[in-house]
Amino acid sequence: MALQWMILTYLVAAEAAIATLLTLPSPKLLKYRLVSLISLLLQPAIFIVPFSGFQLLDIYWKMEHRLMCTGETCTAAERDRYEKSLVDDAESGRAELNQIYTSLPLKSAVQIYKAQRNVILCISACLLYWCVFRICKYHKEIQSLEEVEKRYKDQ
C-alpha cells in the first residue's frame, strides 16, 4: 500500500525540482531547450492527475468505510489496527519526536494523520503539474512574441 505514496512523493519532488529549474534565471538558449524538453515530458506525465484523483477517491472510500473502534465492544487487536490506520509515526521517521511530545499536553495536535498527509500530497502533485504546465506555456508565448518582435524589427 505504501508504494503508490512513495511514487507520488518522488513525482512531487521531481515536479518541484522542474519548477525550480524553470524559474531560475538562465541563458535564453538553455532556457528554450529546457522548456521544450519539459514540454515533451509533460504530455506523458499527465497521468499524475488521474493517479492523484484515484488516490483521493481511495482515501475518501477508506475514511467512509473504516472500522470505527471507539466503544467497549472492540478487541485490543481491532483498536490497535484502528489507531495504526490513522496515525503515522514509523513511516515518516518521527518516532523520536513523538517520544518528546508525549510529555506535552497537546500531543494529538502534533501528530499528522496519514490521510491528511496523503491528501496534501495528491493536491500538491496536481498543483505542481499545473504550475509546470503554465510556466512552460508562458515561456513558449514569450518566445513566440520575441520572434514576432524580431520580424517586425527586420521589416
Check: When hydrophobic residues are tied together by side-chain contacts of less than 4.5 Å, even through go-betweens, does V132 share a cluster with Y138?
Finding: no

Note to self: Restricting to non-hydrogen atoms, name the atom on H139 and the atom on L22 that form the minimum distance, rounded to 0.1 Å.
What the structure shows: NE2-O, 3.5 Å

Item checked: Value rounded to 0.5 Å, distance of CD1 in I135 from CG in L21 -> 10.5 Å

Next item on the list: Kindly work out whether a path of hydrophobic side-chain contacts (I/L/V/M/F/W/Y, heavy atoms less than 4.5 Å apart) joins L127 to V12.
Entry: no

What pairs of donor and acceptor atoms, side-chain ones from residues 36-48 against any protein atom, are under 3.5 angstrom apart with sequence neighbours left out?
{"unit_1": "S36", "atom_1": "OG", "unit_2": "Y32", "atom_2": "O", "d": "3.3"}
{"unit_1": "S36", "atom_1": "OG", "unit_2": "R33", "atom_2": "O", "d": "2.8"}
{"unit_1": "S39", "atom_1": "OG", "unit_2": "V35", "atom_2": "O", "d": "2.8"}
{"unit_1": "S39", "atom_1": "OG", "unit_2": "K140", "atom_2": "NZ", "d": "3.3"}

Check: What distance do L121 atom CG and T9 atom OG1 have between them, rounded to the nearest 0.5 Å?
Finding: 4.5 Å

Item checked: Residue pair L8 / S52: nearest heavy atoms and the distance that separates them -> CD1-OG, 3.7 Å

Next item on the list: Could you state whether W130 and F51 fall into the same hydrophobic cluster, counting links through intermediate Ile, Leu, Val, Met, Phe, Trp or Tyr residues with side-chain heavy atoms under 4.5 angstrom apart?
Entry: no

Margin query: If I take atom CG from residue L34 and atom CG from residue L29, how far apart are they, to the nearest 0.5 angstrom?
Written below: 11.0 Å

Margin query: Under a 3.5 Å distance rule, please check whether K31 uses its side chain to pair with a backbone N or O of P25 as donor and acceptor.
Written below: no

Margin query: To the nearest 0.5 Å, what is the distance between CD1 on I123 and CG on L56?
Written below: 6.0 Å

Notebook entry, point to check: How long is the span from the OG atom in S124 to the CD atom in E15, to the nearest 0.5 Å?
Noted result: 8.0 Å

Checklist line | Chi angles and distances behind the side-chain contact (heavy atoms from CB on, under 4.5 Å) call for C122, W5 | finding: CA-CA 9 Å; C122 290; W5 299 114; 3.6 Å; yes

Checklist line | Heavy-atom pair with the smallest gap, counting every atom of S26 and L30 | finding: CB-CD2, 4.1 Å

Checklist line | Electrostatic pair K150-E146, nearest N-O below 4.0 angstrom | finding: no

